Amino acid sequence: MIRVLLRSFAFAVLAILLAGTAGCIGAPDIVMVDRATALEQQAGGSFNDLERKLSRTSIQARPVPLTPKQFEALGIKPLPLQDTTELTDADRVDALLTQHCIGEGRDGLLVETRAACVGVVDRAEARDLIGRVNQARRQLWRWMHEQRPGASAEQIQKTWSRVHARGVVCGGWIESEGEAGKWEAKKC
């Protein structure tokens with residue numbers, strides 16, 4: 001019985017060896033890959049780089065972007081687009097005139113017009129500017145009166161004011177001709 005088993009086993013092994021060498025029986029070509037390609041990962045929804053970037057971004061502290069209107073609503077003065085250290089008083093006056101925070105009075109003096117002001121302005125700075133400019137204008141009128149003693153100081157001031165009004169920046173806040181205390185933007 002053992003002989004029969006050994007003989008049948010040996011026969012089976014011989015049959016397998018002969019069949020393998022004859023090419024009739026062969027193992028199928030199977031290649032096992034443990035990872036998908038990058039294209040397959042993207043198609044399958046695997047975005048590791050993007051996920052890492054999003055997780056880093058979500059935990060980093062950073063400022064919240066606000067619009068200029070939102071800054072104004074919070075009462076924060078917007079940063080100027082140019083270096084304000086090089087601006088003259090005339091440049092500052094023009095900016096405040098177009099913002100309607102100050103106005104050119106019919107008498108030739110600057111006036112604070114806070115109620116019509118568009119945007120955020122440092123009021124103390126504006127008052128100081130108005131004081132400096134008005135003082136300089138009064139000094140100019142005194143000098144002009146000294147040069148033309150025959151003309152009255154009031155006449156010199158009115159003439160200067162009328163000529164100066166032509167040079168006020170377009171859109172600047174000026175006192176209307178008809179009614180005292182009424183303000184309008186200069187049309188150009």
Side-chain angles (χ1 to χ4, degrees), residues 49-188:
D49 293 337
L50 182 60
E51 289 172 2
R52 278 193 296 274
K53 184 179 177 185
L54 286 173
S55 67
R56 280 193 308 266
T57 303
S58 65
I59 59 174
Q60 289 178 347
R62 64 190 176 283
V64 176
L66 296 174
T67 64
K69 294 265 186 213
Q70 290 171 323
F71 278 118
E72 286 180 20
L74 294 171
I76 299 172
K77 186 177 180 181
L79 294 174
L81 296 177
Q82 56 186 355
D83 185 14
T84 57
T85 57
E86 295 180 14
L87 293 178
T88 64
D89 281 348
D91 295 329
R92 290 184 178 98
V93 166
D94 286 347
L96 291 174
L97 283 170
T98 56
Q99 283 184 272
H100 304 171
C101 298
I102 64 173
E104 283 280 353
R106 283 186 294 178
D107 60 355
L109 295 174
L110 293 176
V111 178
E112 185 176 8
T113 55
R114 202 178 349 186
C117 188
V118 177
V120 180
V121 174
D122 185 355
R123 289 182 183 160
E125 206 173 285
R127 278 192 294 264
D128 291 344
L129 177 64
I130 290 170
R132 279 194 315 272
V133 172
N134 284 344
Q135 181 182 5
R137 288 180 181 184
R138 286 184 184 109
Q139 288 174 347
L140 175 65
W141 297 332
R142 274 195 299 272
W143 177 83
M144 291 171 84
H145 182 63
E146 289 171 4
Q147 300 303 311
R148 301 190 87 193
S152 70
E154 186 177 301
Q155 184 184 13
I156 288 174
Q157 183 177 347
K158 281 185 180 183
T159 305
W160 183 91
S161 299
R162 192 175 58 251
V163 172
H164 175 74
R166 291 185 220 144
V168 171
V169 66
C170 293
W173 211 227
I174 56 172
E175 192 172 10
S176 69
E177 291 293 324
E179 187 180 332
K182 185 176 178 189
W183 298 90
E184 60 188 17
K186 180 184 176 192
K187 294 173 181 64
C188 293

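What you see is a predicted model; the values in this text were computed from it and never measured. Along the sequence shown, residues carry numbers from 1.
- Considering OG of Ser161 and CG of Leu109, their distance stands at 7.0 Å, rounded to 0.5 Å.
- Qualifying side chain to side chain contact (heavy atoms under 4.5 Å, CB included) partners for Lys182, counting only residues two or more places apart in sequence or in other chains: Ser176, Glu179.
- Between His100 and Ala185, the closest heavy-atom pair is NE2-CB, 4.1 Å.
- Here Arg123 contributes atom CZ and Ile130 contributes atom CD1; the two are 12.0 Å apart, rounded to the nearest 0.5 Å.
- In this view, His145 satisfies the ring pair (Phe, Tyr, Trp, His ring centres under 6.0 Å) rule with no residue, not counting sequence neighbours.
- With sequence neighbours excluded, the residues satisfying salt bridge (charged side-chain N to carboxylate O under 4.0 Å, His left out) with Arg114 are Glu112.
- Looking at heavy atoms from C-beta onward, Lys186 lies out of side-chain contact with Val169 at the 4.5 angstrom threshold.
- Of all the heavy atoms in Val168 and Ile174, the pair that sits closest is CG1-CG2, 4.0 Å.
- Under the salt bridge (charged side-chain N to carboxylate O under 4.0 Å, His left out) criterion, Arg138 pairs with no residue at all, not counting sequence neighbours.
- For the pair His164 and Glu104, the tightest heavy-atom approach, listed with the atom from each and the gap, is NE2-OE2, 3.0 Å.
- Ring-plane geometry between Trp183 and Trp173 is classed as parallel, the angle between the planes falling under 30 degrees on a 0 to 90 degree scale with a further cut at 60.
- Note that the CG atom of Leu96 and the CG atom of Asp91 stand 11.0 Å from one another [nearest 0.5 Å].
- Looking at Lys158 and Glu154, a side-chain N of the basic residue comes within less than 4.0 Å of a carboxylate O on the acidic one, giving a salt bridge.
- Side-chain contact between Ile102 and Val111 is absent, with no heavy atoms from C-beta onward closer than 4.5 Å.
- Every residue meeting the side-chain hydrogen bond (donor to acceptor under 3.5 Å, both in side chains) condition with Arg132, not counting sequence neighbours, appears here in chain and number order: Asp89.
- Residues satisfying the salt bridge (charged side-chain N to carboxylate O under 4.0 Å, His left out) criterion with Arg148, sequence neighbours excluded, are absent altogether.
- The CG atom of Asp122 sits 11.0 Å away from atom SG of Cys101, with the distance rounded to the nearest 0.5 Å.
- Atom CG of Leu140 is separated from atom CD of Gln135 by 12.5 Å, given to the nearest 0.5 angstrom.
- We find the CZ-CG distance between Arg127 and Leu110 to be 14.5 Å, quoted to the nearest 0.5 Å.
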